[in-house]
J.: 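Sending over a structure as structure tokens; questions will come in a sec.
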Amino acid sequence: MEKLRKILSYFDIPKGAYQFEFISNGLINDTFLVKEGCESNYILQKINTSVFKNVNGLVKNIAIILSQLDHTAYEKVHLINTKTGKPILNWENEIWRLMNYIPDSHVYNTTNDVQIAFETGKILGLFHNLVKGLHPQELEITIQNFHNLTYRYAQFLEAYENASDTHLQEAYHEIDFVKNNISTLLSIDFDKIPLRICHNDTKLNNVLFSIDKKALCLIDLDTLMPGFFLYDFGDAIRTLVNPVTEDERDLSLIMFDKMMFSSFLKGLKKSGLKFTQTERESLHFGAILMPFLHGIRALTDYLEKNKYYKVAYANQNLDRCKSLFRFAELAVENTNFMKEEIQNRFEILEN
Ligand code: GN1
Ligand code: MG
């Protein structure tokens with residue numbers, strides 16, 4: 001607490017009797033809600049610099065994107081400068097930042113509410129509409145090969161080679177799942193899909209909502225980078241269309257909720273975002289690729305004894321992998337449904 005108070009004192013905010021509440025949603029950075037009495041005022045965050053090695057690039061990207069997000073229907077979370085006018089604080093080799101807290105805003109970790117799905121589609125489309133004027137190459141790469149399956153597979157193979165026998169036995173089925181499915185997933189041709197600026201972590205709990213269930217904005221802008229829309233599409237689908245969390249252990253609870261999928265599409269359509277034909281044809285694949293890719297990443301980290309993600313218990317990464325792979329299977333089963341829905345709703349294309 002004393003340390004947090006000290007860190008906060010470097011930022012350019014009014015003096016106050018602030019208190020700190022740890023927010024446990026993120027798996028990478030350390031996040032705290034800064035409150036004064038019952039009022040929530042700020043979000044204080046320590047950036048994990050072993051994951052985000054290019055902090056200057058990350059800060060630059062966020063500044064570029066925030067300058068594009070001016071719209072009456074988009075509420076921005078911005079960075080609050082330090083007293084010396086810097087957007088981040090470098091304190092004893094730690095990097096900290098402070099952001100405004102939008103009053104009464106909150107996130108959903110899971111939902112089966114179709115309005116939330118609609119709103120998520122709408123805000124994601126608005127975000128993409130607002131940033132599409134920028135050239136993707138204007139952004140720096142904050143994590144190399146972040147959604148590159150070839151790279152993630154290579155990381156997995158290395159972890160597999162070096163894993164303990166116990167880990168290999170425990171993860172036997174999941175390793176098999178990777179081996180059986182990897183070639184199909186790697187065969188997808190990205191060449192004709194347009195590169196866009198993507199958020200690259202559009203899971204449901206990175207969408208901020210008001211109390212009357214209106215989506216306000218996307219949060220967690222650390223992975224803003226060039227990418228394909230199917231990435232953002234897939235991350236939103238895997239967390240919206242499945243009513244349980246990504247580490248759910250009861251696999252029978254994992255579902256592909258078609259109503260939620262359609263509501264998300266309706267919201268996306270409402271945003272007016274347009275796709276090229278190849279892009280439109282790639283979207284359903286995002287809903288398969290992203291849970292698979294996150295599953296491989298979780299499995300790799302399990303085999304490496306949890307070096308990357310924060311875990312609450314030793315097998316949590318394996319549980320995440322099982323549940324993500326189960327959703328990927330369900331997405332495959334729903335391929336035709338997804339394709340038809342996407343085609344029926346998005347007939348107007350850009351070239
Ligand atoms: C990590 O820390 P958090 O929750 O924002 C990860 C994402 C995953 C997510 C959950 C930089 O994000 O890719 O979707 O966990 N971010 C990074 O699976 O690895
Ligand atoms: Mg994130």
Side-chain angles (χ1 to χ4, degrees), residues 22-33 43-55 57-59 61-62 65 77 95 97 99 107-110 120 124 127 139-149 151-152 155-156 159 174 198-208 217-225 227-228 230-242 244-248 254 286-302 304 306-312 315-328 331:
F22 182 65
I23 301 179
S24 59
N25 279 345
L27 300 181
I28 307 291
N29 295 327
D30 292 345
T31 310
F32 302 87
L33 180 63
I43 299 286
L44 181 65
Q45 206 167 41
K46 182 172 113 183
I47 302 179
N48 180 334
T49 46
S50 33
V51 169
F52 294 106
K53 297 192 168 75
N54 177 9
V55 173
L58 178 153
V59 172
N61 285 355
I62 294 179
I65 295 303
V77 171
I95 305 284
R97 68 180 157 200
M99 290 162 281
V107 297
Y108 295 89
N109 286 319
T110 57
T120 303
L124 181 64
F127 175 90
L139 293 193
E140 292 201 23
I141 305 293
T142 53
I143 301 181
Q144 293 286 345
N145 292 310
F146 192 48
H147 289 331
N148 178 342
L149 186 60
Y151 174 77
R152 295 301 184 186
Q155 281 187 322
F156 159 77
E174 290 62 47
C198 288
H199 177 284
N200 289 312
D201 194 11
T202 50
K203 51 188 181 143
L204 174 62
N205 65 12
N206 273 339
V207 180
L208 206 57
C217 63
L218 300 182
I219 54 171
D220 185 5
L221 304 182
D222 295 335
T223 47
L224 287 167
M225 278 182 280
F228 301 107
L230 68 95
Y231 295 159
D232 283 0
F233 184 88
D235 264 332
I237 293 301
R238 77 175 179 87
T239 48
L240 260 182
V241 167
N242 173 12
V244 292
T245 55
E246 72 177 29
D247 59 356
E248 175 58 54
I254 296 167
I288 300 166
L289 173 73
M290 295 317 285
F292 185 79
L293 189 138
H294 286 298
I296 279 210
R297 289 181 59 199
L299 178 58
T300 304
D301 203 35
Y302 168 75
E304 293 185 333
N306 312 321
K307 286 199 310 204
Y308 183 88
Y309 292 113
K310 286 182 199 165
V311 286
N315 277 18
Q316 193 177 19
N317 267 315
L318 185 58
D319 287 339
R320 289 179 56 226
C321 167
K322 288 181 184 178
S323 128
L324 285 156
F325 282 174
R326 177 65 193 134
F327 185 78

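Hydrogens, waters and symmetry mates are skipped; everything else that's a heavy atom, side chains included, is used. Numbering of ligands and ligand atoms starts at 1, following listing order.
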J.: Can you name the closest pair of heavy atoms from R152 and N145 and give their distance?
T.: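 Taking every non-hydrogen atom into account, NE-O, 3.9 Å.
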J.: Do F233 and L124 have side chains that get closer than 4.5 Å, going by heavy atoms?
T.: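 Of all side-chain heavy-atom pairs linking L124 with F233, none is under 4.5 Å.
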J.: What's the shortest distance from atom 4 (O) of ligand 1 to any protein heavy atom, and which residue and atom give it?
T.: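 Answer, as residue, atom name and distance: K203 NZ, 2.5 Å.
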J.: If only atom types and distance count, is the side chain of N109 paired as donor or acceptor with the main-chain N or O of T245 below 3.5 Å?
T.: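 Here the side-chain-to-backbone pair does not exist.
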J.: Decide whether an N or O pair under 3.5 Å exists between R320 and ligand 1.
T.: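 Yes; the residue has a nitrogen or oxygen that sits under 3.5 Å from a nitrogen or oxygen of the ligand.
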J.: Tell me: protein heavy atom nearest atom 13 (O) of ligand 1, and distance?
T.: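 Result: R297 NH1, 3.0 Å.
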J.: Side chain of T142, backbone of L58: donor and acceptor closer than 3.5 Å?
T.: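 Not a single qualifying donor-acceptor pair exists.
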J.: Please examine the side chains of L224 and N200, heavy atoms only from C-beta on, and report whether any two atoms are closer than 4.5 Å.
T.: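 No; the side chains remain at least 4.5 Å from each other.
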J.: Taking 4.0 angstrom as the limit and counting only heavy atoms of F52, give me the atoms of ligand 1 inside it, by number and element.
T.: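 So the atoms of ligand 1 that pass are 11 (C).
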J.: Closest N/O/S atom of D220 to the Mg ion (ligand 2), by atom name?
T.: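 In D220, the heteroatom (N, O or S) nearest the Mg ion (ligand 2) is OD2.
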J.: Mark yes or no for whether N29, through its side chain, and N48, through its backbone, hold a donor-acceptor pair below 3.5 Å.
T.: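 Confirmed, N29 side chain pairs with N48 backbone.
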J.: Distance to 0.1 Å, residue and atom name: give those for the protein heavy atom nearest to atom 16 (N) of ligand 1.
T.: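 For atom 16 (N) of ligand 1, the nearest protein heavy atom comes out as I28 CG1, 3.8 Å.
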J.: What is the nearest protein non-hydrogen atom to atom 17 (C) of ligand 1, stated with its residue, atom name and distance?
T.: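 Answer, as residue, atom name and distance: Y308 OH, 3.4 Å.
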J.: Between D220 and ligand 1, which residue portion shows a heavy-atom distance shorter than 4.0 Å: side chain, backbone, both, or neither?
T.: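 For D220, the contact with ligand 1 is made by the side chain alone.
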J.: Is a donor on one side and an acceptor on the other found under 3.5 Å between the side chain of H199 and the backbone of I219?
T.: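 Yes; at least one donor-acceptor contact below 3.5 Å.
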J.: Is the closest side-chain heavy-atom distance between I62 and M99 below 4.5 Å?
T.: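 Result no, sub-4.5 Å side-chain heavy-atom pair not found.
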J.: Any sub-3.5 Å donor-acceptor pair from N206's side-chain atoms to L218's backbone N or O?
T.: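 Not at all, since once roles are kept as given, no pair shorter than 3.5 Å links the two residues.
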J.: Do any N/O/S atoms of D222 come under 2.8 Å of the Mg ion (ligand 2)?
T.: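 It does not: D222 brings no N, O or S atom closer than 2.8 Å to the Mg ion (ligand 2).
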J.: Give me the atom names and distance for the closest heavy-atom approach of C321 to E174.
T.: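 Looks like SG-CG, 3.7 Å.
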J.: What is the closest protein heavy atom to atom 10 (C) of ligand 1, and at what distance does it sit?
T.: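 That would be E246 OE2, 3.2 Å.
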J.: Taking 4.0 angstrom as the limit, do K203 and D220 come out as a salt bridge?
T.: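 No, this pair does not count.
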J.: I need the nearest protein heavy-atom contact for atom 8 (C) of ligand 1: residue, atom name and distance, please.
T.: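 Atom 8 (C) of ligand 1 sits closest to the protein heavy atom H294 CE1, 3.6 Å.
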J.: If I apply the N/O under 3.5 Å rule, does N206 come out as touching ligand 1?
T.: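 No, N206 has no N/O under 3.5 Å of an N/O on ligand 1.
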J.: Of all N, O or S atoms in D201, which has the smallest distance to the Mg ion (ligand 2)?
T.: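 Restricting D201 to its N, O and S atoms, the minimum distance to the Mg ion (ligand 2) goes to OD2.
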J.: Please confirm whether the backbone N or O of K46 pairs with a side-chain atom of D30, one donor and one acceptor, at under 3.5 Å?
T.: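 Side chain of D30 to backbone of K46, a donor-acceptor pair under 3.5 Å: no, none is there.
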J.: So is I143 close enough to ligand 1, meaning a heavy atom under 4.0 angstrom away?
T.: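 Flag set, I143 near ligand 1.
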J.: When you measure from atom 2 (O) of ligand 1 to every protein heavy atom, which one gives the shortest distance, and what is it?
T.: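 For this ligand atom, the closest protein heavy atom is L27 N, 2.8 Å.
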J.: Would K310 count as a contact of ligand 1 if the rule is a heavy atom under 4.0 Å away?
T.: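 It does not, in that no heavy atom of K310 comes within the 4.0 Å cut-off of ligand 1.
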J.: What residue and heavy atom of the protein are closest to atom 7 (C) of ligand 1, and at what distance?
T.: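 Answer for atom 7 (C) of ligand 1: D201 OD1, 3.6 Å.
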J.: Would you say H147 touches ligand 1, if touching means a heavy atom closer than 4.0 Å?
T.: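 Contact check H147 vs ligand 1: negative.
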J.: Does ligand 1 come near enough to R238 that some N or O of the ligand is less than 3.5 Å from an N or O of the residue?
T.: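 By distance alone, the answer is yes.
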